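Keep in mind the model is a prediction, meaning the values are calculated, not measured.
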Protein chains: 2
Amino acid sequence: MRGRSIFAGLSREEVCELGMDVHDIHVPTGTPIYHEGDPAQYAYTLRQGGIKLVKSLPNGHAQIVRLLHHGDLLGFEGLRTDRHRHSAITLTGTDLCRLELRALDALSQRLPAVREAIFARWQQALQEAEDRIVELGAKKADARLATFLCQWVGAYPQQRAAPFPLTRQDLGEFLGLSTEHVSRIMADLKRHGLLHEHKGHIEIPDSRNLFLYASSDGTRA
Amino acid sequence: MRGRSIFAGLSREEVCELGMDVHDIHVPTGTPIYHEGDPAQYAYTLRQGGIKLVKSLPNGHAQIVRLLHHGDLLGFEGLRTDRHRHSAITLTGTDLCRLELRALDALSQRLPAVREAIFARWQQALQEAEDRIVELGAKKADARLATFLCQWVGAYPQQRAAPFPLTRQDLGEFLGLSTEHVSRIMADLKRHGLLHEHKGHIEIPDSRNLFLYASSDGTRA
DNA sequence: CGTCCAATTGAAACAAGTCAATCTATGTGG
DNA sequence: CCACATAGATTGACTTGTTTCAATTGGACG
């Protein structure tokens with residue numbers, strides 16, 4: 001699912017011939033791709049790197065709504081609303097494929113397979129968002145962090161040590177915690193030997209142990 | 001959006017003729033319509049009443065993922081997955097319209113307008129789920145409850161006092177709080193005259209005040 | 001070598017959960 | 001019509017979880 005092109009079977013040339021121009025662009029670390037509230041003009045597919053989708057509250061607090069990996073889509077809400085509903089900020093240097101929303105909409109109307117592919121990703125995003133609601137609503141801080149780390153390294157099955165560009169603040173904004181608390185829990189996990197961290201990479205020696213840590217009465221409410 | 005039929009313009013007879021049989025069913029208060037993990041066979045549109053969508057954690061905790069009002073859809077995830085991803089339980093007596101998923105899928109493939117309508121609702125659900133993530137991740141208990149109450153009464157603009165079938169436990173499971181804490185905050189709101197409650201109905205004298213209460217440094221992280 | 005930013009740590013304040021007791025409304029059967 | 005049983009709501013005292021503030025450490029980089 002994730003990582004499969006939405007242009008089921010179409011080559012880039014064929015897509016271009018259908019009237020959309022497609023640009024590959026590179027964005028360096030920590031750079032906004034678009035801002036919450038901006039008029040939505042482009043959608044993107046993430047070819048390489050990591051991105052956070054952030055919503056800000058009036059009182060200056062930020063919440064990371066979703067984290068995107070290789071193969072994920074962003075900006076597609078522009079197909080239904082005229083403005084972006086969150087800010088997209090790179091966590092690493094990223095390679096993106098930029099698509100025009102108007103052309104994408106027209107094209108996907110004509111090609112049901114493309115429409116379906118977008119549809120499917122949307123449904124998947126809803127599923128993940130609902131899982132996140134459960135995490136945030138029903139688990140304590142340490143369990144939230146532990147399950148998140150398990151999922152993160154699970155997204156990099158090939159490597160022994162997964163790249164980990166997130167700061168403590170990013171983790172806090174994703175999990176609804178203060179950076180200090182995140183820091184303490186991370187230190188705890190390392191002390192228990194459940195987690196190693198070096199130079200922007202993390203490694204979980206035995207994810208079963210971490211999972212147990214995560215479940216061990218990580219309850220709330 | 002909410003409340004509009006997905007069968008854009010088609011009469012029930014036309015829908016039936018297209019090969020789907022449609023049943024109106026009534027379900028009394030507190031009854032499960034389907035369970036998390038059940039094979040998905042039907043989808044429903046909610047004609048009348050209230051429903052909670054619940055996910056359970058292994059350790060026996062429950063999280064209400066979404067609350068449905070008149071006009072909302074449920075069970076449509078069955079179009080993409082073969083099992084229901086949450087349990088649906090009535091909060092009141094409800095009138096539902098039951099649709100066969102297989103037939104619905106076939107029909108919506110043939111009628112792009114129907115497909116689009118479902119698509120649109122899905123997108124809306126994602127939007128609301130992301131808003132909920134922000135609520136849960138970035139606000140404190142009292143602010144979460146206050147904004148929720150505002151939204152709830154906002155869904156019943158016609159009445160002066162909105163029907164309110166939720167128990168304290170429901171509120172807790174929706175907002176990620178203990179029932180006791182919910183009870184205390186509700187008592188506080190009433191003490192401040194921001195909220196009245198009688199016999200399964202609530203009334204917010206001035207929603208601006210409650211909103212202020214909700215925003216007044218309702219920060220976290 | 002000094003600077004800067006992120007991470008860590010500690011102590012204290014605050015928020016929320018837990019447990020237990022009480023209260024209230026509601027419905028039931030006598 | 002009343003006594004009682006029941007389930008949800010409330011309240012209080014206490015414990016635990018989390019944030020806040022402030023100070024310190026550590027690493028990356030010029």
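Between A:Trp152 and A:Tyr156, the angle of the ring planes lies from 30° to 60°, which puts this pair in the tilted group.
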Please report, to 0.1 Å, the donor-acceptor pairs under 3.5 Å made by any side chain of residues 34-49 of chain B, with sequence neighbours excluded.
unit_1  : atom_1 : unit_2  : atom_2 : d
B:Tyr34 : OH     : B:Gly75 : N      : 3.2
B:Glu36 : OE1    : B:Ser56 : N      : 3.1
B:Asp38 : OD2    : B:His35 : N      : 2.9

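D:dG8 atom C1' lies 14 Å from atom CD of B:Glu173, rounded to whole Å. At whole-Å resolution of the value, CG in A:Leu145 and P in D:dT18 are 11 Å apart. Counting to the nearest Å, the P atom of D:dG8 and the CD atom of B:Glu197 are 15 Å from each other. Atom CZ of B:Arg144 and atom C1' of C:dG17 are 13 Å apart (whole Å). For the pair A:Leu177 CG and C:dA7 C1', the interatomic distance rounds to 16 Å; values are reported in whole Å.
Of the residues in residues 182-190 of chain A, A:Ser183, A:Arg184, A:Ala187, A:Lys190 come within less than 4.0 Å of DNA chain C through at least one heavy atom, sorted by number.
Salt bridge A:Asp105/A:Arg102: absent, no basic N to carboxylate O contact under 4.0 Å.
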Going 5' to 3' through nucleotides 21-26 of chain C and flagging B where a protein heavy-atom sits under 4.0 Å of the base, S where only the sugar-phosphate is that close, and - otherwise, we get -----S
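Each of B:Gln169 and A:His181 has a nearest nucleotide on DNA chain D; the 5'-most of these lies closest to B:Gln169.
A salt bridge (charged side-chain N to carboxylate O under 4.0 Å, His left out) with B:Glu130 holds for exactly one of A:Arg132, A:Lys55, A:Arg66; it is A:Arg66.
Relative to the side chain of B:Glu180, the nucleotides C:dC19, C:dA6, D:dT19 differ in distance, and C:dC19 lies closest.
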